[in-house]
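All remarks here apply to the structure that follows.
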Amino acid sequence: MMKKLKDLFYRIWYFRTIKRFNGYNNKLAKAIKDREVDQLILKHSIVTYMRRYMGIDVQSAFIPKSYKSIEKSKQQVLGRFGDEMEKLGITINDKLELCTQ
C-alpha cells in the first residue's frame, strides 16, 4: 500500500514538473522566434540603408562593397545601427558580412 501511494505522489510530481517545463519551453520558443524576426528585420534595414548610401542596387547576401571604402561603410553601419546590433547579437566583420552570434 505504501509503495502504491509513493508511486502516486511520484507520478503527480513528475506530471507537474513536465507541465511546468513545457510552459517554459513554449515561452522560450516564442522569445527565440521573436529575436530571429528582429534580427532579420535589422539585417534587411542595414542592407537597404547601405544600398541607398552607396548608390548600388545589387542582390547579395553581403553588404555591397564597391564605390566606398570598407572601413567608412563599417563605421557608418556601426554608428547608425550599433545599439540595435549589440542588443540582438549581430556583428559586422571586416568583409562587411552581417553575422549573428
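With rounding to the nearest 0.5 Å, the separation of OG1 in T48 from CE in M50 is 11.5 Å. The line from CG of L98 to CG of L42 is 8.0 Å long, rounded to the nearest 0.5 Å. Taking CE from M85 and SG from C99, the interatomic distance works out to 9.0 Å, rounded to the nearest 0.5 Å. Atom CG of residue L78 and atom CD of residue Q76 lie 10.0 Å apart, to the nearest 0.5 angstrom. If you take NZ on K3 and OH on Y10, they are separated by 11.5 Å, rounding to the nearest 0.5 Å. Note: K33 NZ to L28 CG = 12.5 Å, rounded to the nearest 0.5 Å.
Closest approach of T100 to K43, counting heavy atoms only: CG2-NZ, 3.3 Å. Here the closest non-hydrogen pair linking K74 and I92 is CE-O, 3.6 Å.
Taking the six-membered ring where tryptophan is involved, the planes of F21 and Y24 are perpendicular, since the angle between them exceeds 60° and thus also 30°.
Side-chain atoms of K30 and D34, non-hydrogen and from C-beta on, do get closer than 4.5 Å to each other.
Salt bridge annotation for D83-K87: absent, with no cationic side-chain nitrogen under 4.0 angstrom from a carboxylate oxygen.
Heavy-atom contacts from other residues, nucleotides or ligands closer than 6.0 Å to CD of Q75 number more than 12.
Checked by atom type and distance alone, the side chain of Q39 pairs as donor or acceptor with a backbone atom of L88 at under 3.5 Å.
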